[in-house]
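To start, the structure under review is shown below, and the notes come after it.
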Amino acid sequence: MTFYQQPDQAKKLYYSKMWNGDYRPENGVSSSTAGHKPNNGNARNGVLQQQRQQNRPQQPQQQNRPQKTQQQHRQQQQHWPQQKPVKQLGLTSAISLAEPSTEELLQTAELNKALEPFDVFETQAELNQRMQILAKLNTLVKQWIKDVSIAKHVPEAAAEKLGGKVYTFGSYRLGVHHRGADIDALCVAPLYVERTDYFTTFFELLKQQAEVTECRAVEEAFVPVIKMKFDDIEIDLLFASLSLKEIPDDFSLSDNNLLRNLDPRSVRSLNGCRVTDEILQLVPNVENFRLTLRAIKLWAKKHGIYSNSLGYFGGVTWAMLVARTCQLYPNATAATLVHKFFLVFSRWQWPHPVLLRQPENVNLRFPVWDPRVNAADRYHLMPIITPAYPQQNSTFNVLESTKKVIVKELNRGLSTLDEIMRGNASWNRLFQAPSFFYTYRHFLVLSASSTTAADQLEWCGLVESRIRLLVANLERNEHISLARVNPKCFDYKKCDAKTQSESGTPTAFQAPFCSMWFIGLEFASAKNLNVNLTACIQTFTDQVMQHAANINMLKYGMQLDTCHVKRKDLSQYLDKDFLKRERKAMEQHTNFENAISAKAKRSSSEMSSEEEGGIAKKSRSSGSEDSS
Ligand SMILES: Nc1ncnc2c1ncn2[C@@H]1O[C@H](COP(=O)(O)OP(=O)(O)OP(=O)(O)O)[C@@H](O)[C@H]1O
Ligand SMILES: [Mg+2]
Ligand SMILES: [Mg+2]
C-alpha cells in the first residue's frame, strides 16, 4: 500500500511518530566512512578558487601538503575517534565523511570551467553595480522613513535616528546568482511606517527615480511586493514594519521574538531573509555549497524544471536540496556533491519531507507546515521544508505531473553523472537537455495578449502564476498521460508566422503584445487521439478571467487563448531557425544517449550497496531522522 492510499488517520499517526523521532535510524556513520578525517574544507576551496583566479592548471591540494607516510596515515586512522568531534549539521549523521581524492578535486576544477560559458559567474564590475544599486536603495529607504515619520508628527531629531534598512535574500544573498538574475530584497522599517505608506509614498518615490523602470506594485499577493528594474537589474522589494522604534544598521532578523505581534504579511516577507540566513548557517562548507548549487540550478533551468509558480522547484527549493546533500557529505567537493545530489534525490522516497534541521517549537501561532496538525499538509507531494520559523513547504505548487517530470529528470541526471564520473562524458553533458519541442508530438499553445507593454507585463505575470491550474485540469483527463509545461515564455512575433493561415489564427495572436507558453502532451493511448479538451481549457480560461476581474486587474484588450498544435505546425508560432537549432540539438542528444546506454549496459553503477542502503534509510525515515 502506498503512502497516499493510507487512510487519513494512519497518515496522522505516521507523522506523529515521525515528528517524535520514533523512526529515527540508529546513529553513527556507516563503516565506509571510518578512518576519514573531517575537515572544514575551507582551505581546500580557497586553493581551488585561487587557482581559478590565477587561471593556471589545477593543482590538487594534496600536492601542497607534506607527504605522509603510510604509517602516519594508519596512526591517524587509529587516532581518529579521539580527534576533534564531527559537528553534525542537519538532523542525522553524515552518510560519508570522506575527503576528496585528487581526481575529485580535478573534477571540481573541470566543473568550474564548464560553468563559465553559461553566464553563471558575474564579473567584478557587475557585482559592483549590484552593490551600488543596493546602496542607493538603502539611502532612499532611510530618507523615506524619515520623511514619512516627520509627516506623522515624529519630532525631527527622533526621525533622524529611526534608521531602516534594506536586507537582501534569495540567490543574491546566497552568493549563487547568475548574470541577469534578480535581486530579492526586503525593506525593514520601524513601527511608525506602515505597509500602506510603502505602497503609496515609497512606490511613488521609486517611480520618480531616473534609474527605475517597469515599476509595479503587487500589493494583494501572498507576499506583497514592489517589482521594478533598477539600472536594468530586476528587483523584488518586499516590506516589513517591525514593532520597534528604531532599526539600526547592524540589526539582525534572526530572533523569533521579532515576529511577535506582527501581521502575517510582514512575517511572510521576513521569511525569505530568515530562511536564506539559516541555509547558510546549516551547510558545512559554504563555498562547496555554492558551486554545487550553481551547477544544479543551471541543470534544472536547462531541463525545464526551474520554476516554483509552474509547479517545479524554484531557487530556494534547489538550495535546500543541495544544502541537505552537503550535510550528508560534509567534506565532499562540488563535483562529488553534484553526483551525490542526484544519488540522494533520485532515490528519495517522496512524500517523506526534506528538512535541514529540527523544526523549532515556537508558539507564536503562525501557520507552519505540520502534517500532524494540518490535514492539507499530508497531501503535499514533495515536501521540502524551509528551516526558519514559521517553517513552510516550499513546494506546495507541485502537481502529480510536475512531480513525475522532476523525478524523471533526477533519474536522468544520475545516469549522466555516472557517465561523467566514469570519464565517459564531460560536464557539458549535464547542461544539455533534449529539445522540448522534439520530445512531444502534440502541444497546447497558451497565449496571453494585451494592447500595451505595461498591461502585458502584469497580464503575463498573472497568467503564468495560474498555468498550473490548466496542467492540473489536464492531468485529471483520463486520455492524457502527461502534460508538461515548458517554463520558458516566448514572444509571438508576427514575422515568424510565415505560413500562418488567416482563418486558423486565434484572435490573441493579432494583438500588439502576445506571449506564449507551450505544454507538451502525451496521450494515454496512441490510437485514440480524438480527445476533446475544450472543457479543460474553458474551465481554466474562466478561472483566470474571473480571478483577474476579482483583483481588478482585467483591462480592455487582455485575452487568453489556448489551442492544440501538432509538432509539424510549430513553425506557425516559433522562429524557424530556432526550431532548426532545436532539431539539431535533439539529434545530437539522441546519438549521445544511444552511445551511453550501450556503454552503461557494460558497466553498472559505482555506488556501493552499503551507501545505497544508507540513502534509502535517510530517505525512508527522513521525516523521522530529520525532524526527530
Ligand atoms: N515557494 C517558496 N517558498 C518559500 N520561500 C520562497 C518560495 N519562493 C520564493 N521564496 C523566497 O523568495 C526568495 C527569492 O525567490 P526567487 O524566485 O527570486 O528565487 P532565488 O532563490 O532568488 O533564485 P533566482 O536566482 O532564480 O532568482 C527565495 O530565495 C525564498 O527565500
Ligand atoms: Mg531571486
Ligand atoms: Mg525574486
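All ligand and atom numbering here is 1-based and tracks the order in the structure. Only heavy atoms go into these numbers, but all of them, side chains included; no hydrogens, no water, no symmetry mates. In this text, all values refer to a predicted model and were calculated from it rather than measured experimentally.
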Query raised in the report: Does any non-hydrogen side-chain atom of Leu270 lie less than 4.5 Å from one of Leu262?
Result: yes

Requested in this report: Answer whether the closest heavy-atom distance between the side chains of Leu414 and His339 falls below 4.5 Å.
Outcome: yes

Report summary line: Rounded to the nearest 0.5 angstrom, the CG-NE2 distance for Leu127 and His177 is 5.0 Å

**Report entry** Glu582 with Lys488: basic N within carboxylate O range, under 4.0 Å
**Finding:** no

Report task. Determine how many protein N/O/S atoms sit closer than 2.8 Å to the Mg ion (ligand 3), leaving waters out since they are not shown. Result -> 3

Query raised in the report: Do Phe540 and Arg466 have side-chain heavy atoms sitting under 4.5 Å apart?
Result: yes

Query raised in the report: Which atom pair, heavy atoms only, marks the closest approach of Phe199 to Ile226?
Result: CE2-CG1, 3.7 Å

Report summary line: Residue shell for ligand 1, any heavy atom closer than 4.0 Å, reads Phe169, Gly170, Ser171, Asp182, Asp184, Gly272, Lys297, Tyr306, Asn308, Gly315, Val316, Ser394

Query raised in the report: Below 6.0 angstrom between ring centroids: does that apply to His352 and Trp348?
Result: no

Query raised in the report: Would a 4.5 Å heavy-atom cut-off, applied to side chains only, mark Ile406 and Phe345 as touching?
Result: no

Report summary line: side chain to side chain contact (heavy atoms under 4.5 Å, CB included) with Phe289: of Leu174, Leu282, Thr325, only one passes, and it is Leu174

